[in-house]
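The next block holds one structure in the form of structure tokens; read it before the comments.
Since the model is a prediction, treat every value here as computed from it, not as a measurement. Letters A, B, ... are given to chains in the order of the sequence lines, protein chains preceding strands, and every chain is numbered from 1.
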2 protein chains.
Amino acid sequence: MDKTFAVISSIPLFSGLSPGQIEAITAIATEKRLARNQTVFTEGDPARGFFIVAEGKVKIFKLSIDGKEQILHIYGPGQPFGEVPMFAGGKFPANAQTLVASRLIFLPRRDFARLLAVHPSLAMNMLAVLSRRLREFTVQIENLSLKEVPGRLAAYLLYLCSEQDASDKVRLPISKGQLASLLGTIPETLSRIFSKMTDQGMINVRGRWITIANRQAMEELALEGRLIV
Amino acid sequence: MDKTFAVISSIPLFSGLSPGQIEAITAIATEKRLARNQTVFTEGDPARGFFIVAEGKVKIFKLSIDGKEQILHIYGPGQPFGEVPMFAGGKFPANAQTLVASRLIFLPRRDFARLLAVHPSLAMNMLAVLSRRLREFTVQIENLSLKEVPGRLAAYLLYLCSEQDASDKVRLPISKGQLASLLGTIPETLSRIFSKMTDQGMINVRGRWITIANRQAMEELALEGRLIV
DNA sequence: GACATTTTTTGATTTAAGTCAAGGCAAGCC
DNA sequence: GGCTTGCCTTGACTTAAATCAAAAAATGTC
């Protein structure tokens, strides 16, 4: 439980809260350990609470009838997920599965709701988290409908760059197959775009390591662009 | 101002609040009247508050560099919009424009934030609104990436059906061109799909009035489907 | 009613990306 | 070593939807 306290106090969602508030949150939290590729919850499941990644990696995804998956998010340490049904309806709107062995913190709905009502600052933090997520979704919809796949890939690689604050060499946090799904496409298409970009001297690919060779071209592509075939 | 009070008290966001709380909200609210096709705000604008539609219709949309637009939402009476920057960063993540002459209620950021801190139930309502919106976005992303255009149209028409609680005859709330953008496509494609569906006896189209002739087929299409050409 | 403007439809063509099928490559295992 | 397994790449082909261009309807205005 001590470890849980340490994790909880370092989470952005709970930043700025008093030690007493963190203590109260820790008191209602439980820990879950899951191996790789385990289901956390399934779309439509009644939600009795939400989760925070303490360690590991979780993907949130939707499935079409014929089994194709669209990854909505990949969450890592410190990031909460599954909070939507806390406040709107009681069912999870998507699926969650671990990508690697993970440790999750579970916060029960009822208990957490009670805390929220008592601590306005907690509610404000929660509002900030949801708003930021809404903004990300806005960008994702924009990307899906306004950009072609190369543009989405360029935007993602540049995002990774800033994320890992590397100037030009990044490591994909997920397999290329998973990346394809995150970008709303399929592995074959992604592979072809990787090699096309390489041919044009924009990037170099070595397994999961990507080096950005021509940042300006990548930025243009991410903004609007079309890949010159 | 009396009229503003009436509007505010009928808004879901403020449901369950005491008359005193509604009064406090009314006190900080101002009204804006806008003609058709007027810009409410532009992506990147610093947000000094958010809006509620009192009367009329507002579209929220993103633009690509070459001017193509993707409509994210259409909001009607009673619906708040532009609240994201209230809590995350200070800039609007998309554009807003009136579709018809509209009356909007504006709530200044600072004043509203103060109210939120004082009234936990208001914060809880806000959390519910944002969560619901997040869920809608989840569905929209799913639709954009997992379904083809006919499937998206079918899903939208069925949604309209339940919305207007009509058994089989619905009226499009927006022009077909706007609908195309909402569905992530272009007018030509939408038009062709309308006539293909009509040929197959699934629907009948008469201007903005659509009758669902074969509900089962529409439901299948909305679920996964492909249009049999 | 007639005019001008906007919206919708239709046709011909191009193109991005999906599908199907096969092969390559690396990692781990017996 | 040879073998399986999972992941990635390549090639040939198909297809949904975008683009370009123009006509046809609908709508509002004087």
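Across the protein-nucleic acid pair, B:Phe194 atom CZ and C:dT10 atom C1' stand 16 Å apart, rounded to whole Å. Atom pair B:Glu148:CD and D:dA16:P shows a separation of 6 Å (rounding to whole Å applied). We find that CG of B:Leu190 is positioned 9 Å from P of C:dT8, with the value rounded to whole Å. Between A:Arg206 atom CZ and D:dC8 atom C1' the separation is 15 Å, expressed in whole Å. Here D:dA18 presents its C1' atom at 16 Å from CG of B:Leu183, a figure rounded to the nearest Å. One interatomic measurement links the two molecules: CG of B:Leu221 to P of D:dA16, which rounds to 12 Å at whole-angstrom precision. Protein atom CG of B:Leu172 is 15 Å distant from nucleotide atom P of D:dA26, rounded to whole Å. Between the CD1 atom of A:Ile186 and the C1' atom of C:dC20 there is a distance of 10 Å, given to the nearest Å.
A cation-pi arrangement is present between B:Lys176 and B:Phe194 under the rule of less than 6.0 angstrom and at most 45 degrees off the ring axis.
Between A:Tyr159 and A:Tyr156, the ring planes are tilted. Angles from 30° to 60° get that label.
Proximity note for B:Pro187 (side chain, C-beta onward) versus C:dT9, D:dA17, C:dC20: the nearest is C:dT9. Side chain of A:Pro150, nearest nucleotide from D:dA17, C:dC20, C:dA17: C:dA17. Closest approach to the B:Thr185 side chain among D:dT19, C:dT9, D:dA18 is made by D:dA18 (side chain taken as heavy atoms from C-beta onward). The side chain of A:Val149 sits closest to C:dA17 out of D:dA17, C:dT9, C:dA17. Of the candidates D:dA18, C:dT7, C:dT9, C:dT7 carries the atom nearest the B:Arg36 side chain, counting heavy atoms from C-beta on.
Between the base of D:dC7 and the side chain of A:Gln178 there is no donor-acceptor pair shorter than 3.5 Å. Evaluation of atom-type donor-acceptor distances gives a pair under 3.5 Å for the side chain of A:Arg192 against the base of C:dT19.
Under the side-chain hydrogen bond (donor to acceptor under 3.5 Å, both in side chains) criterion, A:Gln164 pairs with no residue at all, not counting sequence neighbours. By the side chain to side chain contact (heavy atoms under 4.5 Å, CB included) test, B:Gln178 pairs with B:Lys59, B:Glu69, B:Ile71, B:Leu99, B:Ile174, B:Ser175, sequence neighbours left out.
A:Leu104 places a side-chain heavy atom less than 4.5 Å from the side chain of A:Val58. Side-chain contact check for A:Phe137 versus B:Thr138: some heavy-atom pair is nearer than 4.5 Å.
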- Item | Secondary-structure string, 5' to 3', Watson-Crick or G-U under 3.5 Å, | for another-strand partners, for DNA chain D | ||||||..||||||||||||||||||||||

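Residue B:Ser175 has no polar side-chain atom (N or O) positioned under 4.0 Å from OP1 or OP2 of C:dT7. Residue B:Thr189 places no side-chain N or O under 4.0 Å from the OP1 or OP2 atom of D:dA17. The side chain of A:Ser195 contributes an N or O atom lying less than 4.0 Å from OP1 or OP2 of D:dT10. Taking side-chain N and O atoms only, A:Lys176 has a distance below 4.0 Å to OP1 or OP2 of D:dT9.
Side-chain contact, A:Glu220 with A:Gln216: a donor N or O sits under 3.5 Å from an acceptor N or O.
Surrounding NZ of A:Lys91 are at most 12 heavy atoms belonging to other residues, nucleotides or ligands under 6.0 Å away.
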